[in-house]
Amino acid sequence: MGKRDELIARYADDLKNKCGMEPDMDLLTKVTIGCGPSIYNADASTVASSQPGELETVKDNFLIKKLGLSDGPELMDGINSAIETYGKSERNKYRAVIYYMLTKHFKKEAVYG
């Protein structure tokens, strides 16, 4: 099992045990691959949910550029909803897990089709 497969298994575990979701492994794999090399960097692989600038980056680079959504208050609502689901007290919120939840939340699975 390669490093990426180990990370995908960890993300799936977080989705099941911390977020109460049954992950779509095919979509989770595609979202993880879409994150690129950032998943291997300790700092870049997580989302600092307490930093407004980081949430803006998620909104601009992922929701608007990657998923093709239009800017509006519902984008930040979606991000906050994903963070609530993950658990505000959860120290490591993996980027791939947050992106997966956002992809599901905004029903944009087709982007990874």
Side-chain angles (χ1 to χ4, degrees):
M1 186 188 268
K3 181 80 172 142
R4 186 172 70 200
D5 293 332
E6 289 171 23
L7 290 169
I8 291 169
R10 184 182 305 157
Y11 303 154
D13 185 65
D14 270 19
L15 282 164
K16 281 183 204 152
N17 299 316
K18 295 177 182 171
C19 305
M21 305 170 91
E22 192 54 47
D24 170 342
M25 292 307 291
D26 189 45
L27 179 62
L28 180 58
T29 300
K30 289 175 181 172
V31 170
T32 302
I33 291 169
C35 288
S38 70
I39 61 171
Y40 304 110
N41 177 305
D43 187 46
S45 69
T46 58
V47 173
S49 60
S50 60
Q51 297 176 355
E54 174 82 353
L55 301 183
E56 282 295 322
T57 301
V58 169
K59 183 180 87 170
D60 294 339
N61 293 347
F62 184 70
L63 296 178
I64 296 172
K65 289 180 184 167
K66 178 74 179 171
L67 298 186
L69 297 167
S70 300
D71 197 359
E74 68 282 354
L75 298 188
M76 222 22 111
D77 291 346
I79 292 170
N80 289 325
S81 169
I83 289 166
E84 281 295 323
T85 301
Y86 214 139
K88 283 197 171 187
S89 62
E90 184 56 44
R91 198 162 163 266
N92 288 327
K93 293 179 191 70
Y94 291 109
R95 186 170 303 280
V97 174
I98 295 284
Y99 285 8
Y100 172 89
M101 287 195 282
L102 290 170
T103 303
K104 294 291 252 185
H105 177 85
F106 289 107
K107 298 180 177 30
K108 287 294 202 171
E109 294 90 340
V111 170
Y112 290 99

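What you are looking at is a predicted structure, and each value in this text was computed from that prediction instead of being measured.
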Using 30° and 60° as the class boundaries, would you call the ring planes of Tyr99 and Phe62 parallel, tilted or perpendicular?
parallel
Gap separating the [atom1] atom of [X] from the [atom2] atom of [Y], nearest 0.5 angstrom:
X	Y	atom1	atom2	result
Leu28	Ile33	CG	CD1	10.0 Å
Leu7	Thr29	CG	OG1	11.5 Å
Thr32	Tyr100	OG1	OH	10.0 Å
Ile98	Thr46	CD1	OG1	10.0 Å
Met101	Ile83	CE	CD1	8.5 Å
Glu109	Lys30	CD	NZ	11.0 Å

Are Lys18 and Lys93 packed together at the side-chain level, in the sense that at least one heavy-atom pair is separated by less than 4.5 angstrom?
no
Do Asp14 and Arg10 sit within salt-bridge range, that is, some charged N less than 4.0 Å from a carboxylate O?
no
Mind listing the closest non-hydrogen atom pair of [X] and [Y] along with its distance?
X	Y	answer
Ile8	Met25	CG2-CE, 3.8 Å
Leu27	Lys104	CD2-CD, 3.7 Å
Cys19	Tyr86	SG-CA, 3.9 Å

